[in-house]
Trainee: 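After the structure tokens below, expect a handful of questions from me.
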Amino acid sequence: MVVIIDYDAGNIKSVEKAVEYLGSDVVLSNDKKIIKSADRVILPGVGAFGDAMDNLKKYDLVETIRDYAKSGNPFLGICLGMQILFENSDEDKEAEGLSVIKGSIKKIPAKDSFKIPHMGWNNLNITKNNSRILKGIDSESYVYFVHSYYADACDKNDISATCDYTTTMDVVVERDNVFGCQFHPEKSSNTGLHILKNFLEIK
């Protein structure tokens, strides 16, 4: 069973439909017992870093997610759901992230005619040859982004792909059983579905 965490900060319906399309049983929930019993968990996210953490605290899910990330079962953060896996963010200096991955979320720097937020299709630069979540994905494949902040991991061994947009951004996290995508795989056509399929097949 796949559990998509419903904490009032995610575009969960499109993720749910994509997972169902790929043939997996999926449940939307913020119930700690259900999350703990899942075979794998997806944490989506749209909005602001501080608000997302406040919502996780409201539902008493912070330690549940940290514990699940240590469980060995596959865990995937999408967009803001990936960002809050990190320690902190320029978006809200007072908010503490989940600290599952060491590093910070930084504001995408302004440059020339580049528009912020970074919105639309951009290509991946795959940096990890044995990536499980990017298995079968060609480097330079295009995926769909919507964000104004980006991840900067302390340990680049935790990163499987980057993307360039005014700066080099860490956009795919992969550490043991924990994965993250800055882009929206559920909106990234066949490439995104392939990435989600990889996640659903990880043992």
Side-chain angles (χ1 to χ4, degrees), residues 5-12 15 41-66 68-69 75-128 133 142-176 178-188 192 195:
I5 298 178
D6 182 2
Y7 64 117
D8 304 332
N11 185 18
I12 59 177
V15 179
V41 166
I42 298 175
L43 179 67
V46 174
F49 189 98
D51 291 343
M53 289 305 303
D54 285 344
N55 286 351
L56 290 180
K57 291 172 185 175
K58 178 177 73 174
Y59 290 112
D60 193 24
L61 292 177
V62 171
E63 291 306 320
T64 299
I65 293 172
R66 286 174 175 158
Y68 196 93
F75 181 96
L76 173 65
I78 295 175
C79 196
L80 181 61
M82 184 192 95
Q83 292 187 1
I84 59 178
L85 294 176
F86 286 78
E87 296 171 288
N88 51 65
S89 174
D90 287 347
E91 188 173 17
D92 188 337
K93 300 285 189 180
E94 302 301 318
E96 178 183 338
L98 293 167
S99 299
V100 172
I101 303 293
K102 290 187 177 181
S104 299
I105 305 302
K106 298 180 177 179
K107 176 74 173 177
I108 298 175
K111 181 180 178 182
D112 302 329
S113 60
F114 287 86
K115 294 182 179 180
I116 308 297
H118 174 214
M119 181 180 296
W121 297 87
N122 207 340
N123 59 293
L124 298 173
N125 173 32
I126 296 175
T127 58
K128 185 175 289 185
I133 198 165
Y142 279 78
V143 290
Y144 190 81
F145 291 88
V146 184
H147 63 123
S148 299
Y149 295 82
Y150 72 98
D152 184 15
C154 291
D155 186 350
K156 297 308 179 184
N157 289 320
D158 291 338
I159 302 304
S160 294
T162 63
C163 179
D164 292 319
Y165 191 83
T166 82
T167 189
T168 298
M169 306 179 290
D170 297 334
V171 297
V172 178
V173 168
E174 183 165 355
R175 184 177 185 182
D176 300 325
V178 176
F179 304 87
C181 297
Q182 176 59 70
F183 54 89
H184 289 272
E186 76 281 7
K187 297 181 179 180
S188 296
I195 291 169

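Because the structure is predicted, anything quoted here is derived from the model rather than measured.
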Trainee: Indicate yes or no: does D90 engage K93 in a salt bridge with an N to O separation below 4.0 Å.
Mentor: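 Yes, this pair counts.
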Trainee: Atom CD1 of I133 and atom CD1 of I195: how far apart are they, to the nearest 0.5 Å?
Mentor: 7.0 Å
Trainee: How about I78 and P185: do any of their side-chain heavy atoms sit closer than 4.5 Å?
Mentor: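 SC-SC contact between I78 and P185 confirmed.
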Trainee: Does M169 reach the side chain of I108, with side-chain heavy atoms less than 4.5 Å apart?
Mentor: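 In contact.
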Trainee: Is D158 salt-bridged to K102, going by a charged N under 4.0 Å from an acidic O?
Mentor: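 Answer for the salt bridge query: no.
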Trainee: Roughly how far, to the nearest 0.5 Å, is the OH atom of Y59 from the CG atom of N55?
Mentor: 6.5 Å
Trainee: Just checking, K187 and Y144: is the charged tip under 6.0 Å from the six-membered ring centre and within 45° of the axis?
Mentor: no
Trainee: So F145 and V171, do their side chains get closer than 4.5 Å, heavy atoms only?
Mentor: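 Yes, their side chains come closer than 4.5 Å.
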Trainee: So do L98 and L56 actually touch side chain to side chain, heavy atoms under 4.5 Å?
Mentor: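 Yes; the side chains approach each other to less than 4.5 Å.
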Trainee: Run the numbers on D152 and S104 for side-chain hydrogen bond (donor to acceptor under 3.5 Å, both in side chains), then give the verdict.
Mentor: CA-CA 5 Å; D152 184 15; S104 299; over 6 Å; no
Trainee: Going by heavy atoms in the side chains, are V100 and V178 under 4.5 Å from each other?
Mentor: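 V100 reaches V178 side chain to side chain.
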Trainee: Start with the C-alpha distance between K58 and D8, add both sets of side-chain angles, then the distance that settles side chain to side chain contact (heavy atoms under 4.5 Å, CB included), and finish with yes or no.
Mentor: CA-CA 10 Å; K58 178 177 73 174; D8 304 332; 3.3 Å; yes
Trainee: Enter the distance from T168:OG1 to K156:NZ here, rounded to the nearest 0.5 Å.
Mentor: 9.0 Å
Trainee: If the threshold is 4.0 Å, N to carboxylate O, is there a salt bridge linking R175 and D155?
Mentor: no
Trainee: Which heavy atom in L85 sits nearest to a heavy atom in F179, and how many Å separate them?
Mentor: CD1-O, 4.1 Å
Trainee: Kindly give the heavy-atom pair with the smallest separation between I12 and I5, and that separation in Å.
Mentor: CG2-O, 4.2 Å
Trainee: Please tell me if the side chains of P117 and H147 come closer than 4.5 Å, counting only heavy atoms from C-beta onward.
Mentor: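 Heavy-atom side-chain distance check fails, nothing below 4.5 Å.
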Trainee: So, taking the atom named CD in E96 and the one named OG in S89, what distance separates them when rounded to the nearest 0.5 Å?
Mentor: 13.0 Å
Trainee: Which distance, rounded to the nearest 0.5 Å, do you find between the CD1 of I65 and the OH of Y7?
Mentor: 7.5 Å
Trainee: Which is it for I105 and Y150 under the side chain to side chain contact (heavy atoms under 4.5 Å, CB included) test, yes or no, and what are the steps along the way?
Mentor: CA-CA 5 Å; I105 305 302; Y150 72 98; over 6 Å; no
Trainee: If you look at every heavy atom in M82 and A151, which pair is closest and at what distance?
Mentor: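 Looks like CE-CB, 3.6 Å.
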Trainee: Start with the C-alpha distance between Y68 and L43, add both sets of side-chain angles, then the distance that settles side chain to side chain contact (heavy atoms under 4.5 Å, CB included), and finish with yes or no.
Mentor: CA-CA 11 Å; Y68 196 93; L43 179 67; over 6 Å; no
Trainee: Do the non-hydrogen side-chain atoms of S188 and W121 ever get within less than 4.5 Å of each other?
Mentor: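 Yes. Closest side-chain heavy atoms under 4.5 Å.
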Trainee: Can you name the nearest heavy-atom pair linking D170 to A153, along with the distance?
Mentor: OD2-N, 2.9 Å
Trainee: Between A161 and T127, which heavy-atom pair has the shortest distance, and what is it?
Mentor: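 Closest approach of A161 to T127: N-OG1, 3.6 Å.
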Trainee: Under the 3.5 angstrom rule, does the side chain of D112 hit a backbone N or O of F114 as a donor-acceptor pair?
Mentor: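 Absent.
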Trainee: Pick from Q182, K106, E91: which one makes a side-chain contact (heavy atoms from CB on, under 4.5 Å) with Y149?
Mentor: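 Answer after filtering Q182, K106, E91: E91.
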Trainee: I want to check something: taking the side chain as every heavy atom from C-beta on, are C181 and L76 in contact at a cut-off of under 4.5 Å?
Mentor: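 Counting from C-beta outward, C181 and L76 do come under 4.5 Å.
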Trainee: Is it the case that atom NZ in K115 sees more than 12 heavy atoms from other parts of the structure closer than 6.0 Å?
Mentor: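 It does not: K115 NZ has 12 such atoms or fewer within range.
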Trainee: If you measure from CD1 on I42 to CG on D6, what distance do you get to the nearest 0.5 Å?
Mentor: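 Result: 13.0 Å between the selected atoms.
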Trainee: Step through the shown structure and confirm whether more than 12 heavy atoms of other residues, nucleotides or ligands are within 6.0 Å of NZ on K107.
Mentor: yes
Trainee: Might you point out which heavy atoms bring C163 and N123 nearest each other, and give the distance in Å?
Mentor: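 Taking C163 first and N123 second, the nearest heavy atoms are SG-O, 3.5 Å.
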